[in-house]
**Q** 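Let me give you the structure first, and then I'll get to my questions.
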Amino acid sequence: MTMNTSSSQLDNLFDPSLVAAQQPNWPGGHDGEQMKKAVADLRALPPLVFAGECDDLKAKIAEAAAGRAFWLQGGDCAETFNSATADSIRNRIKTILQMAAVLQYYSSLPVIKVGRMAGQFAKPRSNDLETRGDVTLPAYRGDAVNDIEFTEAARTPDPNRLVRVYNTSAATLNLVRAFTRGGFADLRQVHEWNKGFIRDSKFGDKYEQMANEIGRALSFMQSAGVDPEQFKAVDFYASHEALIIEYEKALTRIDSRTQLPYDVSGHFIWIGERTRQLDGAHVDFASKVRNPIGIKLGPKSTVEDALALIAKLNPDNEPGRITFITRMGAGTIRQALPALVEGVTKSGAQVLWVCDPMHGNTFESKNGYKTRNFEDVLDEVRGFFEVHKKLGTHPGGIHIELTGDDVTECLGGGNEVSEKDLESRYETACDPRLNHSQSLELSFLVAEMLRDR
Ligand code: PEP
Ligand code: MN
């Protein structure tokens, strides 16, 4: 497949008069010389993902929306250039594969595996500026924009970083493809890792019986001589928030097969809670590309908001096109979600409902860390399942901020991370992530909900 970059179709695709929320104050503005150069460089580069892969993912999302698959999306709140190492990437993939194996066994559904990875480098912020003592500087907006170090030079937005986002995403995807195609992802190997987790963690015996069941199923198949290709390689998709509008536009290509535009910076892109204005540039952008699109919905979202977004982004009701990622907060989801799901279902729109139990449950610990409680995360997922069960709709998936490393950023879980522990390995560049063992524990607990749904 070839992709056309210079098509005049692209020049008039997006409405340049619309306002994009949450953009950095680029030096020279969004059409300054540096930005023009970065955009020209990006436009000349090959696609990171292929339109056909985006279509395959869309078809899988349609299956999940119909209740025949489950969605697992996970990764850093903010990827950084420094953390794009082989070890860190491998540990994240491994964690997602381990979670997926558990979820798949208990749901008896195919699990769609999606990384918040290979492109998740830009962040919306509640304040443009950050003040420390008597110094005020631009807030850190992700490695796509500036550096986290608190100096004027580091915090000045730099469009050249967008080209580095592309290169780092390409390197990450290269490793993702190698890991998921080259035998590393074999289901039997994944099961061995899960057994290791249970053996090594002091609370693992709670999940031993579940893991043993999976082990017996695998042995049974092996004894029957079943050795399908599907055990050895998995489809793994890349996703990120489509936030920096110049970057996403510069990586939009016309697919030569269908003659339709795709954002080739990632398979699945989502629009955040802070940038989903109906008349804003992000929604206009997403409405013009053919990728599957996610939209975050916070606790104040109304049925009218949801229906208007559907009308704009999916007027033809194309299956798999829209995923609503709700992030309500554990204390709110049981009140706020039912009306939304009911209203959308009644409209006849087919969407995938995914629970982000992270962003509604963030608070600051007494010792000054932005954190989340494992119990709140779990409780929001529980609420999500309860609501869908009551309404007879499908709890289609989860969206988790996680890492494969043993960080201490979220409280609780079987290892009982305490407020005091937060200071020992608090490494995130933005929001707190579940660590490897909290992530696996969550997957066992969600697997139980899936079994009982
Ligand atoms: C995020 O996913 O990191 C994020 C910023 O989420 P939201 O748009 O839901 O606040
Ligand atoms: Mn986040």
Side-chain angles (χ1 to χ4, degrees), residues 20-24 71-80 83 92 96 114-128 139-145 148 165 238-245 248 266 268-278 280-283 285-286 293-301 305-306 309 322-330 332-333 336-337 340 352-364 369-373 376-377 380-381 384 397-403 407 409-410 426-435 438-439:
Q22 290 286 341
Q23 300 305 290
W71 169 270
L72 172 63
Q73 185 179 17
D76 291 321
C77 176
E79 290 179 277
T80 61
S83 69
R92 273 175 275 156
I96 293 170
V114 187
R116 271 179 75 112
M117 246 171 124
Q120 178 53 25
F121 291 94
K123 300 309 302 170
R125 302 313 303 249
S126 18
N127 293 311
D128 241 350
Y140 172 63
R141 286 185 171 272
D143 276 14
V145 174
I148 199 162
V165 166
S239 73
H240 63 271
E241 177 174 352
L243 182 66
I244 305 297
I245 207 82
E248 305 300 339
F268 177 90
I269 49 172
W270 77 87
I271 309 177
E273 166 74 355
R274 281 165 269 200
T275 52
R276 61 174 176 75
Q277 301 79 10
L278 211 52
H282 292 92
V283 169
F285 170 79
I293 302 291
I295 305 144
K296 294 282 202 96
L297 294 177
K300 299 206 177 85
S301 312
D305 293 338
L309 284 161
I322 302 280
T323 299
F324 280 136
I325 306 166
T326 61
R327 27 90 85 221
M328 305 274 174
T332 310
I333 185 160
L337 186 59
L340 269 184
L352 174 63
W353 293 100
V354 168
C355 175
D356 164 359
M358 312 303 292
H359 290 89
N361 296 309
T362 316
F363 64 94
E364 192 173 317
Y369 290 93
K370 196 184 198 188
T371 190
R372 294 161 174 153
N373 210 315
D376 294 338
V377 169
E380 179 154 356
V381 182
F384 177 77
I398 52 174
H399 176 117
I400 307 293
E401 287 185 342
L402 59 80
T403 171
V407 301
E409 297 170 5
C410 292
Y426 193 95
E427 296 173 5
T428 183
C430 194
D431 289 339
R433 305 159 294 179
L434 296 186
N435 62 26
Q438 288 168 328
S439 302

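The structure presented is a predicted model; accordingly, all values stated were derived computationally and were not measured. Every number for a ligand or one of its atoms is a count from 1 in the order of the listing.
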**Q** Does Gln120 come within less than 4.0 Å of ligand 1, judged by its heavy atoms?
**A**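 No.
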**Q** Counting from 1, what ligand 1 atoms have a heavy atom of Cys77 closer than 4.0 Å?
**A**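 Listed by number with element, the hits are 3 (O).
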**Q** What's the shortest distance from atom 7 (P) of ligand 1 to any protein heavy atom, and which residue and atom give it?
**A**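 Ranked first by proximity to atom 7 (P) of ligand 1 is Lys296 NZ, 3.5 Å.
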**Q** Restricting to N/O/S, name the atom of Asp431 that gets closest to the Mn ion (ligand 2).
**A**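 The closest N, O or S atom of Asp431 to the Mn ion (ligand 2) is OD2.
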**Q** Considering only heavy atoms, does Met358 approach ligand 1 within less than 4.0 Å through its side chain, its backbone, both, or neither?
**A**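 It is neither; nothing of Met358 touches ligand 1.
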**Q** Is there side-chain contact between Val165 and His240, with at least one heavy-atom pair below 4.5 Å?
**A**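 Contact flag for Val165/His240 side chains = no.
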**Q** Identify the protein heavy atom lying closest to atom 8 (O) of ligand 1, giving its residue, its atom name and the separation to 0.1 Å.
**A**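 Nearest neighbour among protein heavy atoms for atom 8 (O) of ligand 1, to 0.1 Å: Glu273 N, 2.9 Å.
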**Q** Taking the basic N atoms (NZ, or NE/NH1/NH2) and the acidic carboxylate oxygens, is any pair closer than 4.0 Å for Asp76 and Arg92?
**A**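 Answer for the salt bridge query: yes.
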**Q** Verify whether one side chain among Glu380 and His359 offers a donor that lies under 3.5 Å from an acceptor in the other.
**A**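 Looking only at side-chain atoms, His359 and Glu380 do not form any donor-acceptor pair under 3.5 Å.
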**Q** Would you check if there is a donor-acceptor pair between the side chains of His399 and Arg327 at a distance under 3.5 Å?
**A**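 Side chains of Arg327 and His399: no pair found under 3.5 Å.
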**Q** For a salt bridge (charged side-chain N to carboxylate O under 4.0 Å, His left out) check, start with the C-alpha distance between Glu241 and Lys296, then their side-chain angles and the critical distance, and finish with the verdict.
**A** CA-CA 10 Å; Glu241 177 174 352; Lys296 294 282 202 96; over 6 Å; no
**Q** Nearest protein heavy atom to atom 3 (O) of ligand 1, by residue and atom, and its distance?
**A**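 Its nearest protein heavy-atom neighbour is Lys123 NZ, 2.7 Å.
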**Q** How wide is the angle at the Mn ion (ligand 2) between NE2 of His359 and OE2 of Glu401, to the nearest 10°?
**A**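 Result: 80°, to 10°.
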**Q** Which of the atoms in ligand 1, numbered in the order shown and given with their element, are less than 4.0 Å from a heavy-atom of Gly272?
**A**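 Atoms satisfying the 4.0 Å criterion: 8 (O).
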**Q** Which is it for Ala78 and ligand 1 at heavy atoms under 4.0 Å: side chain, backbone, both or neither?
**A**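 It is neither; nothing of Ala78 touches ligand 1.
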**Q** How are the rings of Trp353 and Phe324 set to each other: parallel, tilted or perpendicular (split at 30° and 60°)?
**A**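 Tilted.
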**Q** Specify the protein heavy atom at minimum distance from atom 9 (O) of ligand 1: its residue, its atom name, and the distance to 0.1 Å.
**A**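 Sorting protein heavy atoms by distance from atom 9 (O) of ligand 1 puts Arg327 NE, 2.6 Å first.
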**Q** In sequence, state the C-alpha distance, the side-chain angles, and the governing distance for Asp431 and Lys123, and then conclude on salt bridge (charged side-chain N to carboxylate O under 4.0 Å, His left out).
**A** CA-CA 10 Å; Asp431 289 339; Lys123 300 309 302 170; 5.3 Å; no
**Q** Could you find the nearest protein heavy atom to atom 4 (C) of ligand 1 and give me its residue, atom name and distance?
**A**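 Heavy-atom neighbour on the protein nearest atom 4 (C) of ligand 1: His359 NE2, 3.4 Å.
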**Q** With heavy-atom distances below 4.0 Å as the criterion, list the atoms of ligand 1 near Arg116.
**A**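 Answer for ligand 1: 1 (C), 2 (O), 3 (O).
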**Q** Any ion pair linking Asp305 and Lys300 (charged N to carboxylate O, less than 4.0 Å)?
**A**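 Looking at Lys300 and Asp305, the cut-off is not met.
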**Q** Output yes when Asp128 and Arg141 qualify as a salt bridge under the 4.0 Å nitrogen-oxygen rule, no when they do not.
**A**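 Counted as a salt bridge, because a side-chain N and a carboxylate O are separated by less than 4.0 Å.
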**Q** Got an N/O contact under 3.5 Å between Glu401 and ligand 1?
**A**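 Yes, Glu401 has an N/O under 3.5 Å of an N/O on ligand 1.
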